[in-house]
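Only one structure is covered here, and it is reproduced in the block below.
Labels below follow one simple rule: chain letters A, B, ... track the order of the sequence lines, proteins then strands, and each chain is numbered from 1.
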Amino acid sequence: MDETILTLLVLAMLMPLAGTVLLLCAGRMIGDRAGWVATSLLGFSFLCCVTIWGMWPDRGHRVLALYNWLPITADGAGFLEVGLFLDSLGVAMMAMVSGIAALVHLYSIGYMRGDPRYTRFFAYLSLFTFSMMGIVISPSLIQLLVFWELVGLTSYLLIGFWYEKRAPQLACRKAFIMNRVGDAGFLIGLGILFAQLGGHLLLPATEGMLMADGNHIKSMIGALAATEAAGQVASSHAGLNDWLGLGSTGWLSLAGLGLFCGAVGKSAQFPLHTWLPDAMEGPTPVSSIVHSATMVAAGVFLTARIYPILTPEARLVIASIGLITLVMAALMALVMTDIKRVLAYSTLSQLGYMVVALGVGAWGYALFHLITHAFFKCCLFQCAGSVIHAAHHEQDMRRYGGLGRKMPWTAAAFGICVLAISGAAIPLTTLGLSGFYSKDGIIAGAFNFGFGISGQWAPGWLFWFLPLLVAYLTPLYMARAFALTFMGRPRVESVHQHAHEAPPSMLIPQLALAVMAIISGWMLWKPMIEASQPVMQVMGIQSFAWLHEPGNPGMKAAHAWLLQGAGWIIPLAFGLWWYRDGLGRASRVAESWAVRPIHRALLNKLYFDVVYDRLISGMVVAQSRILDWIDRRIVDGLVNRTAHLGSDLATATGRFDRDVIDRSLDGAAESVLQAGGVLRTTQAGRVRIYVLGIFVAILLVLIVVLASFLPIWRASAPSAAATGRPVIWTFESDFVSGHRHASGSLGDSIPFSAKEESINP
Amino acid sequence: MLLLHVQTVGSSEGWVTLVLFYLFAALSGVSAWALVLSPNIIRMAVYLMLTLAGVAGIYFLLGAELLAAVQLIVYVGGVLILIIFGVMLTSRNPYLNVAPRGGEMALGLVLATVLAVLLAVAVLAAGLPEAAAAAPDDDRYAVRWIGALLLSRHLIAFEVAAVILLIVMIGAGYLVRRRIKANQAGATEGRS
Amino acid sequence: MSLLLNFMIFLPAIGGLLCLAAPGGRQARSLAFWVTVVTLAMSLMLVAAFDYSAAGPQFETAVPWISAINVEYRTGVDGLSLSLVVLTTGLALLGLLASWNIEKSPKVYFSLYLFLLTGMLGVFLALDLFLFYVFFEISLVPMYFLIGIWGGPRREYAAIKFFLFTLAGSICLLIVMLGLYLVTPQAVGKNTWVMVASSTSSDRGSEAVPATLVDERVRRMFAGPRFDLERWNEAAGDESGRELIDALRLDDRSESTEAVKAVLAEQLRLRGEAGLGQWLAEFTQAVLIEGRKPLALPVEVGEANLDDRYWSVLLVDQARGGRYWVFAQWAFWLSLIAFLIKLPSVPFHTWLPDAHVEAPTPISMILAGVLLKMGGYAMMRITWPYFPDAAIVFWHLVAGLGVLAILYGAFCAMAQTDWKKLVAYSSVSHMGYVTLGIAVMTASGWNGAYFQMIGHGVSSAMMFFLVGVIYERSHHRDLDRLGGLWTRFPAFGGWSMVGFFAAMGLPGLCGFIGEILVLLGTFDAASPGAIGAGSVGLVYVYGALAACGVILTAGYILWMFQRVYMGRPREEYHDYAPISRREYLIMGVLGVAAIVLGIVPMLVFVMTRATFAGMLASMGVG
Amino acid sequence: MMIGLAHFVILSAILAAAGIAVMLTRRNALGILIGVELLLNAGGINFVAFNRLAHVGTAPDGAPLMDGVVFTFFIIVLAAAEAAVALAIFLNYYNTFRSIDVDRASELKG
């Protein structure tokens with residue numbers, strides 16, 4: 001069984017990778033068939049994933065393969081591992097990712113037709129799919145990080161696909177850097193975990209992390225709460241450690257939040273959300289898969305994976321971040337006029353829901369919403385893409401209008417997804433479109449959490465109120481987008497005139513996704529909850545499992561506040577009516593004195609970009625300039641100054657040499673020369689005169705020497721008779737004895753020495 | 001036969017040695033001073049030959065027969081010939097008068113005499129030993145010992161001497177060649 | 001095999017001489033080509049014959065060289081040098097291909113190039129400190145000329161700056177070497193320059209010594225102060241044995257303390273407390289006040305462990321307040337500075353941008369790819385193994401330098417408008433990871449630092465080559481005057497992406513492995529038993545700052561990538577010659593190497609594993 | 001009367017004095033050369049005599065001490081060399097000054 005699953009999984013993984021390699025290496029040969037090649041490969045991959053789902057035996061989790069990758073201990077025995085790992089969550093995600101990717105590939109065949117880099121687009125798209133699958137099947141945080149970054153890379157390439165234009169260049173760079181900011185946090189979290197767990201970075205649902213070194217992290221968290229309750233904050237560290245809050249299990253919060261930083265970047269949560277709307281500069285198929293269905297979901301997926309190590313404090317932070325994103329993005333979606341940006345902010349908002357769900361502990365619903373949202377948001381983007389395609393790349397909704405008549409299928413698919421995202425359901429029943437199932441669960445979880453926390457913490461009510469508020473806002477902004485695009489009269493004739501229904505290759509995926517948007521919730525909610533049971537059990541998540549059970553207080557409250565499934569109708573109907581003829585009515589309200597500043601601020605994305613570009617980015621660049629200046633002027637200047645000092649010193653010594661030493665030498669030489677001028681008169685140049693001089697000198701010396709020896713002149717000369725030896729002879733004998741001694745050492749080198757006897761018998 | 005006797009300086013048969021010594025000493029000393037007084041270069045050369053021969057005899061007396069032979073062959077046979085060559089090559093007049101002027105001669109003689117006297121005084125004052133303490137072995141001065149010494153203790157000096165000879169050979173040849181060239185150049189100049 | 005190793009070192013030099021004698025530039029070029037090919041083949045043979053389970057040096061040669069000062073010609077290869085050797089020979093071949101079109105006096109160029117190769121291989125393969133120094137200096141000279149003659153407009157300035165900087169470092173190294181030479185007799189009985197204790201030689205002490213280390217006895221001389229001298233003196237006044245023993249501070253890592261304690265325990269057993277106090281007082285009197293050697297003490301002392309020469313040296317040293325320990329501290333910093341200059345690390349880095357900007361492309365490749373690695377290699381080979389105690393004491397300063405280099409280099413790179421200068425500063429930043437990884441002295445830190453050297457060798461060589469390819473066509477490197485190259489050269493753009501993103505540390509490429517391991521290793525320094533366990537917060541701050549470097553790296557690489565490759569192609573690109581096959585070959589090889597190393601890092605780690613295990617264990621941090 | 005060292009030394013002094021006298025009195029370069037030869041011979045006699053009569057004995061290897069003889073040998077060799085060079089120089093000299101009178105060559109004068 002496992003072998004089959006492993007084979008299928010490897011096949012499913014290899015298909016997109018093979019597509020990438022094939023298209024990059026043999027792209028010229030494949031040419032226009034690239035789209036079909038990639039799509040069929042992805043289709044096969046999807047089939048593999050569905051098969052796995054079908055045969056997934058016990059809904060448990062299993063590590064299918066594990067390889068040593070990076071050595072982390074000195075003896076070379078400890079490793080960071082990579083491999084293949086699946087649990088119910090992974091199976092569902094694999095099916096979702098490969099399915100949506102296949103549909104997006106299909107859609108791109110029509111959308112990207114005629115692009116000069118057609119082949120390369122599919123190569124990137126397949127690589128992206130591969131990377132995303134890699135995240136899903138990661139058994140360890142390190143492998144997750146690897147594919148995490150690869151997803152970032154492919155996203156960079158896809159957003160910047162039309163890099164000749166300036167906006168995509170900036171957008172892709174921004175996306176990557178924002179992701180990197182998050183990743184830095186990820187790395188910090190990873191490092192702290194690494195240091196504290198001794199390198200056990202296997203993901204929580206496996207046996208590795210939870211039981212690392214006998215430390216059951218979950219029980220540690222429990223113990224932490226207990227010790228805090230008892231007022232005993234045990235801290236083994238002091239000073240800086242206390243300041244950083246690293247005492248006892250503070251590191252765990254820090255690690256969890258660090259890892260969550262990565263999720264913030266990837267899932268575009270506040271405050272790193274600004275890249276997502278800009279990423280809409282990429283081709284629309286990219287937006288539909290990368291920035292709605294999969295990549296941005298990776299952050300949520302990661303948070304879900306590390307859920308067990310998240311301390312209560314960390315969860316509160318996570319929920320708050322999600323909450324801010326949720327509300328802020330919904331409000332912005334309400335004022336944007338670019339159709340893709342509306343969808344982008346709506347994505348942000350929905351991601352906010354998921355993150356809130358994780359923060360409040362509605363673990364299963366966060367992932368459920370991730371999957372349902374993938375279907376309808378992907379469909380929405382594809383419809384938007386079709387519209388943009390039909391409208392000759394006009395993206396401003398103010399210039400649309402009445403397109404529903406020209407492209408009815410697209411309008412229908414869009415409409416279905418609007419209903420899905422609004423959480424539409426048949427009132428008083430539990431039947432609804434996909435969004436209803438997942439979102440109501442999240443709101444129910446938020447109610448439970450909010451009620452629980454508001455008793456201890458005053459602003460706690462926000463945790464249930466804001467998700468509820470956004471549940472009413474969502475139908476409004478989606479209705480606005482639908483009405484402005486498809487309803488009313490055409491506002492710009494040129495756009496409307498040439499508009500046409502999308503070609504089948506684009507329409508089919510749209511419709512397929514729309515169908516999924518209708519049925520996936522109803523079809524999947526029971527299996528999802530059941531499938532996540534074992535995973536949740538391992539992680540120790542018990543609550544909220546059966547939110548749809550009638551007795552759950554949170555669910556009861558949620559249903560009540562959402563008018564028993566009828567809550568969506570009011571804002572939706574209002575939106576459709578209010579925007580049926582364009583923005584006229586709305587802009588009048590927006591211009592009113594009370595709303596105007598808010599409207600303006602929302603239109604400017606709450607000035608986040610301004611702050612980031614001008615302030616942070618500007619500061620970084622300014623700092624780099626300053627440091628560069630310091631480097632050139634001060635550090636290097638110091639070096640050059642030193643060198644100059646050396647050369648100055650050399651010059652000075654050179655001058656000293658020339659002016660003092662040389663001159664004195666010159667002076668000496670000159671005086672010698674003058675003396676020589678005097679003396680030259682004695683030098684006649686005659687050889688014999690020299691000879692004469694020499695011998696006169698010899699004679700004088702001889703006389704002096706003799707004078708010292710001859711007793712005539714030397715009163716106290718030692719008597720030769722007394723010693724029996726003349727003075728000179730003494731010297732001679734010394735010489736002889738010295739000589740003998742010397743010859744002794746040299747004698748060894750005389751080759752005849754061995755023949756001594758024969759010579760001297 | 002004579003040589004056998006001569007080898008034994010300081011032996012009981014000292015009178016032969018004594019005679020021979022004075023004979024050779026007189027030959028070299030007288031010739032040397034005759035050389036000093038001779039005005040003619042060729043005669044000077046002849047006197048020099050006699051002096052050198054006398055010195056060779058002294059070497060014989062001292063038992064250094066190889067040295068004596070070398071003295072005769074190299075000095076008398078080689079150096080002297082060279083000097084004669086020099087005389088012939090540089091003198092248009094074969095009997096060039098090289099007589100010194102009177103004052104110079106006087107000065108030279110005075111100085112030389114002073115030197116000789118001083119040296120003699122010094123030698124006598126030093127009280128040099130009369131003779132060697134021990135009688136030497138027969139083969140003391142055997143040529144093979146000289147060969148062995150030259151190739152062992154004095155090897156470097158020997159090699160240096162060899163190199164100097166080589167250099168001298170090359171250098172002399174070079175100098176003469178330059179002269180020939182210069183002569184040829186002078187000849188062509190003269191012709192034009 | 002050892003013959004092959006020595007031949008490999010000197011074959012390029014022989015080839016270099018032959019190049020000078022070659023009839024023309026083309027012949028010299030093909031000669032140089034074949035010489036580098038053969039050198040590469042020989043290094044691969046080394047890899048094939050290497051015993052991956054052995055920690056110590058293999059294929060050793062040890063021949064007396066300058067016997068008057070015990071200098072040996074000692075070469076060999078171990079896990080620390082093997083992959084760097086392969087990197088060197090591989091890059092040398094690629095660099096040679098990159099210099100295929102050198103026109104200015106090619107004979108001299110190729111000859112110098114081969115001499116440089118000999119110098120580099122010698123540095124990595126020398127096992128004698130003196131020999132190492134000689135090769136360290138030898139490699140300077142060809143580089144000086146290669147920059148100074150074939151460089152850009154300011155080549156003289158750059159070459160002299162490079163030379164002087166490195167020479168200044170060499171002087172520091174020389175001082176350390178002389179110091180080591182003078183103190184080794186106290187430990188091993190003779191002056192020695194041997195860097196790595198031989199795995200085969202039998203002249204080691206009886207105690208078990210990890211194989212791949214500087215002679216353990218030498219290293220232990222430099223052990224840090226492990227007991228409180230002041231308290232000892234004070235206690236000695238009371239003549240109470242127990243207090244004296246208490247004065248010896250406990251440090252589990254310190255074998256020297258154990259030995260001292262063993263001696264004292266023995267004396268305690270023999271004499272009782274009062275007797276021990278008496279003995280210690282005598283000892284203190286003799287050693288501290290009269291300066292006598294402990295061997296002059298009562299004979300019973302010698303009967304304990306003290307007769308072993310280096311234990312007695314240690315005891316005296318510690319008693320005197322650690323004379324050798326003081327030397328170790330100085331020597332640690334001096335040798336560190338020598339190698340930090342080579343690495344280069346902030347603030348000794350300013351020769352690098354100038355040298356790189358002025359150097360011709362292949363020389364930049366070699367400079368960044370191999371020469372910088374000498375610094376890191378030497379730190380791992382000399383500074384840390386010799387003075388691990390000093391390294392433990394000063395780890396936070398060195399790690400701080402590393403972090404500073406990471407951030408500073410990245411910031412400076414961001415401000416550049418000269419493409420090559422940007423790449424040069426990125427090297428400064430990347431080498432900061434090496435410093436950091438070595439400084440934290442954890443297994444993953446060392447692995448990471450080492451891999452970072454290999455990975456950077458590949459990626460930086462590739463980056464400089466990519467810059468060179470364009471420079472050859474555009475004759476300028478101004479980032480503001482480039483743009484849209486991707487459209488003009490699509491395949492080149494693809495390879496560029498591999499190169500630059502490898503430098504950025506993208507997973508799947510070689511730059512990632514080093515970065516992530518260094519980061520994890522840095523955090524690992526906070527784990528119990530590691531050197532940062534007492535200052536967890538500081539470790540985390542360093543780790544966090546280094547992680548932030550990742551953002552800056554992405555910032556400048558992406559900005560550069562956008563400015564050069566994205567956008568509309570410029571008019572003048574039509575005149576640019578198409579990228580030749582030779583150029584594609586070079587980037588292809590480097591790019592594939594970057595990908596393969598990024599996916600299968602164990603290729604490097606199998607070589608280093610045994611050696612690192614031995615080294616870290618002997619430094620007391622394994 | 002025995003012949004002692006003094007005899008030889010005095011003979012050598014006579015020869016040396018004669019040599020100096022020749023060097024001082026002759027203007028002819030060849031004359032000077034002859035004087036030099038006399039001086040060298042004087043030295044040679046001294047060497048051999050001292051070796052024979054004062055420097056007696058054998059080296060540790062059994063070889064007799066005969067350095068004086070060897071020195072004289074070298075003197076002769078060098079004298080030959082000197083003569084050859086001197087002759088070459090004189091020829092050049094003669095070529096230049098058309099004379100061999102050393103007093104004509106006063107260009108050495110400072």
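Both the backbone and the side chain of Ile630(A) come within less than 4.5 Å of a heavy atom in chain C. In this structure, chain C has no heavy atom under 4.5 Å from any part of Val82(A). For a residue to count as touching a neighbouring chain, one of its non-hydrogen atoms must lie under 4.5 Å from one of that chain's; by this rule Trp162(A) does not touch chain C. Proximity to chain A (any heavy atom under 4.5 Å) is restricted, for Leu519(C), to the side chain, taken from C-beta onward. Looking at Leu517(C), only its side chain comes within 4.5 Å of chain A, counting heavy atoms on both sides. With a threshold of 4.5 angstrom between heavy atoms, Val639(A) approaches chain C through side-chain atoms but not through N, CA, C or O. For Met504(C), the parts lying near chain A are the backbone and the side chain together; criterion is any non-hydrogen pair under 4.5 Å. Heavy-atom distances place both the backbone and the side chain of Pro490(C) under 4.5 Å from chain A. With a 4.5 Å cut-off on non-hydrogen atoms, Tyr156(A) touches chain C through its side chain but not through its backbone. Neither the backbone nor the side chain of Asn179(A) comes within contact range of chain C; no heavy atoms are under 4.5 Å apart.
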| Leu545(C) and Ile406(C): side chain to side chain contact (heavy atoms under 4.5 Å, CB included), yes or no, with the steps? | CA-CA 9 Å; Leu545(C) 285 175; Ile406(C) 293 171; over 6 Å; no

| message | Quick one, Phe165(C) with Phe348(C), criterion ring pair (Phe, Tyr, Trp, His ring centres under 6.0 Å). Give me CA distance, side-chain angles, the key distance, then yes/no. | response | CA-CA 8 Å; Phe165(C) 249 105; Phe348(C) 310 111; 7.6 Å; no

| request: Test Asp183(A) against Trp148(A) for side-chain hydrogen bond (donor to acceptor under 3.5 Å, both in side chains), laying out the working first. | output: CA-CA 9 Å; Asp183(A) 291 350; Trp148(A) 186 262; 2.7 Å; yes

| Run the side-chain hydrogen bond (donor to acceptor under 3.5 Å, both in side chains) check on Ser496(C) and Tyr565(C) step by step: do they pass? | CA-CA 9 Å; Ser496(C) 303; Tyr565(C) 292 93; 2.7 Å; yes

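Between Trp384(C) and Trp446(C), the ring planes are perpendicular. Angles over 60° get that label, and only those under 30° would be called parallel.
Taking Asn447(C), Ile551(C), Leu520(C) one by one and counting their heavy-atom pairs under 4.5 Å with chain A, the maximum is reached by Leu520(C). Between chain A and the options Val550(C), Val539(C), Leu164(C), the largest number of non-hydrogen pairs under 4.5 Å is found for Val550(C). For the set Phe501(C), Trp351(C), Phe561(C), Phe451(C), the entry with the most heavy-atom pairs within less than 4.5 Å of chain A is Phe501(C). By number of non-hydrogen pairs under 4.5 angstrom with chain A, the leading residue of Phe512(C), Trp559(C), Trp486(C) is Trp486(C). If you tally non-hydrogen atom pairs under 4.5 Å between each of Ile626(A), Val621(A), Leu157(A) and chain C, the highest count goes to Leu157(A).
Remark: Arg117(A) is positioned above the aromatic ring of Tyr163(A), its terminal NZ or CZ atom under 6.0 angstrom from the ring centre and at most 45 degrees off the axis.
Here the straight-line distance linking atom OG1 of Thr20(A) with atom CZ of Arg120(A) works out to 13.5 Å at 0.5 Å rounding. For the atom pair Tyr573(C) OH and Leu482(C) CG, the distance stands at 4.5 Å (nearest 0.5 Å).
For the ring-ring contact (aromatic ring centres under 6.0 Å, His included) test, no residue two or more places apart in sequence or in another chain qualifies with Tyr157(C). Judged as a side chain to side chain contact (heavy atoms under 4.5 Å, CB included), and not counting sequence neighbours, the contacts of Leu479(C) are Trp419(C), Leu422(C), Met560(C), Arg563(C), Val564(C).
Residues of residues 598-606 of chain C that come closer than 4.5 Å to chain A, counting heavy atoms only, are Gly598(C), Ile599(C), Pro601(C), Met602(C), Phe605(C), ordered by residue number.
With respect to Lys161(C) and Asp636(A), a salt bridge is recorded, a charged nitrogen being found less than 4.0 Å from a carboxylate O.
In Tyr52(C), the OH atom is crowded: over 12 heavy atoms of neighbouring residues, nucleotides or ligands sit closer than 6.0 Å.
Residue pairs satisfying the side-chain hydrogen bond (donor to acceptor under 3.5 Å, both in side chains) criterion with at least one member in residues 185-194 of chain A, sequence neighbours excluded, are absent.
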